[in-house]
2 protein chains.
Amino acid sequence: MPSLTRIIERHIQELLERNGEESVFLSRKDLAERFGCVPSQINYVIRSRFTPERGFLVESQRGGHGYIRIIRLRMKKPEERANHIEELVGEVISEQEIKKLLANLQERKILTARERLLIEIAIRFQEQLCREMFDLSPFKREALHAELLKRLLRSIVLL
Amino acid sequence: MPSLTRIIERHIQELLERNGEESVFLSRKDLAERFGCVPSQINYVIRSRFTPERGFLVESQRGGHGYIRIIRLRMKKPEERANHIEELVGEVISEQEIKKLLANLQERKILTARERLLIEIAIRFQEQLCREMFDLSPFKREALHAELLKRLLRSIVLL
DNA sequence: ATGGATTTGGTCAGAATAAGTCAATGTCGC
DNA sequence: GCGACATTGACTTATTCTGACCAAATCCAT
């Protein structure tokens with residue numbers, strides 16, 4: 001059974017999907033009522049799902065006629081996507097973060113499942129090598145992962 | 001008598017088989033209860049059986065409504081399988097040979113251009129690492145290339 | 001025009017839940 | 001008895017959901 005958060009997330013995504021809108025206006029209060037939850041749950045959904053990392057911007061306004069607006073960013077130029085990925089990966093990245101990042105990129109159709117699999121294997125192999133053969137510190141390993149991951153993603157995102 | 005790990009592995013595979021599902025959602029807690037073991041046993045089963053090298057992707061989430069999702073990747077066209085990866089690659093392989101092999105696989109539509117690029121970059125990065133950071137002999141480097149290449153190709157080509 | 005009432009949304013911390021890690025230990029085939 | 005594979009449990013980390021309290025925009029009576 002999916003979590004409430006998941007359900008609300010999907011609902012918002014459907015609204016965005018509809019007509020390929022680039023943004024939606026939501027009422028926190030109404031949403032909370034509709035899904036039978038406390039209003040701050042909506043903030044949680046937004047904070048955890050509609051982040052800049054996932055390609056969204058959020059605006060809001062309080063008071064009468066208040067709203068929450070969710071904007072989906074479209075990165076059309078390959079160079080933009082490459083920079084975006086550069087930021088996402090950073091200088092150092094844990095395997096947990098890598099897995100989440102790859103799942104997310106697949107969700108966004110930036111990667112296919114097969115490409116994701118290849119990347120996971122390449123990273124795992126490097127991890128094994130650096131740990132067992134060269135006895136590198138966790139920090140160095142994570143730095144090398146970040147470097148490899150950036151090169152891999154950059155190359156195919158630019159294609 | 002088969003080990004518990006095998007039994008649980010079979011169970012998960014059956015769930016995947018059912019209706020040819022591409023993925024299953026599991027509850028670690030429930031599985032452990034059902035098979036009368038400690039929850040971390042499930043992690044062991046997954047770590048040892050449902051690896052990317054065997055064509056599986058695993059996603060998971062902790063906390064409330066947590067889950068473990070196992071995704072099985074499959075080739076669309078079984079006739080396009082490239083067997084004999086072992087012989088093609090061998091124990092040692094030069095970058096020249098790798099390039100030729102990959103070009104050939106792409107020609108035969110077994111790899112996409114993007115997948116080929118990923119593999120080339122992974123190999124090149126490893127080459128650089130082994131040469132500049134660890135000063136490995138050419139022979140050792142070629143042996144590691146062969147190992148990485150086999151893992152990558154086996155997973156994606158033999159699904 | 002103004003200021004209090006009303007209407008919204010924001011923040012934060014805590015409880016409950018569930019998965020991950022790791023190292024110690026056990027088991028089985030050779 | 002050794003080595004690989006399997007099992008266990010103590011400890012760690014992450015996610016969801018809620019509610020009390022805060023902040024801002026608008027409304028409206030004067």
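In what follows, chains carry the letters A, B, and so on, assigned in the order in which the sequence lines appear, proteins first and then strands, with residues in each chain numbered from 1.
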Going through the checks in order, is the side-chain contact (heavy atoms from CB on, under 4.5 Å) test met by Ile12(A) and Arg49(A)?
CA-CA 10 Å; Ile12(A) 295 175; Arg49(A) 308 292 148 108; over 6 Å; no
Find the distance [X]:[atom1] to [N]:[atom2] and express it as a whole number of Å.
X        : N       : atom1 : atom2 : result
Glu95(A) : dT21(C) : CD    : P     : 9 Å
Leu4(A)  : dT16(D) : CG    : C1'   : 9 Å
Glu9(A)  : dT15(D) : CD    : P     : 13 Å
Arg28(A) : dA25(D) : CZ    : P     : 15 Å
Gln96(A) : dT21(C) : CD    : C1'   : 10 Å
Phe35(A) : dT18(D) : CZ    : P     : 14 Å
Leu31(A) : dG10(C) : CG    : P     : 12 Å
Tyr67(A) : dA24(D) : OH    : C1'   : 13 Å

Nearest heavy-atom pair of Ala82(A) and Val157(A): which atoms, and what distance?
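The answer is N-CG1, 3.7 Å.
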Counting just side-chain N and O atoms, does Lys99(A) come under 4.0 Å of either OP1 or OP2 of dG20(C)?
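The answer is no; no side-chain N or O of Lys99(A) sits under 4.0 Å from OP1 or OP2.
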Would you please confirm or rule out a distance under 4.0 Å between OP1 or OP2 of dG10(C) and any side-chain N or O of Gln61(A)?
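False: Gln61(A) side-chain N/O out of range (4.0 Å or more) of dG10(C) OP1/OP2.
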Would you check if [X] and [Y] make a side-chain contact, meaning some heavy-atom pair closer than 4.5 Å?
X        : Y        : value
Ile71(A) : Arg69(A) : yes
Pro52(A) : Val58(A) : no
His11(A) : Arg34(A) : yes
Arg72(A) : Glu17(A) : yes

Can you check side-chain contact (heavy atoms from CB on, under 4.5 Å) on His145(B) and Arg124(B), steps first, answer last?
CA-CA 9 Å; His145(B) 289 167; Arg124(B) 197 182 309 153; over 6 Å; no
Please tell me which of the listed nucleotides, dC17(D), dT7(D), dT15(D), lies nearest to the side chain of Ser3(A)?
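The answer is dC17(D), which lies nearest to the side chain.
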Between Leu26(A) and Leu26(B), which is nearer to the 5' end of DNA chain C once each is assigned its nearest nucleotide?
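The answer here is Leu26(A).
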Hey, can you pull the residues of residues 36-59 of chain A with a non-hydrogen atom under 4.0 angstrom from DNA chain D?
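Here the set is Cys37(A), Val38(A), Ser40(A), Gln41(A), Tyr44(A), Arg49(A).
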With heavy atoms under 4.0 Å as the rule, sort Gly66(A) into base, sugar-phosphate or nothing.
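Sugar-phosphate contact only - Gly66(A) comes under 4.0 Å of backbone atoms but never of a base.
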Any luck finding a side-chain donor-acceptor pair between Thr5(B) and Gln41(B) under 3.5 Å?
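The answer is yes; a qualifying pair exists.
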Heavy-atom contacts under 4.0 Å between residues 118-143 of chain A and DNA chain C, which residues?
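Here the set is empty: none.
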Which residue pairs satisfy the ring pair (Phe, Tyr, Trp, His ring centres under 6.0 Å) criterion with at least one member in residues 48-77 of chain A, sequence neighbours excluded?
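Every ring pair (Phe, Tyr, Trp, His ring centres under 6.0 Å) pair that includes a residue of residues 48-77 of chain A, provided the two are not neighbours, is Phe25(A)-Tyr67(A), Phe50(A)-Phe56(A).
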Starting at the 5' end of DNA chain D and moving along, which residue's nearest nucleotide shows up first, Arg62(B) or His65(A)?
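Comparing both residues, the 5'-ward one is Arg62(B).
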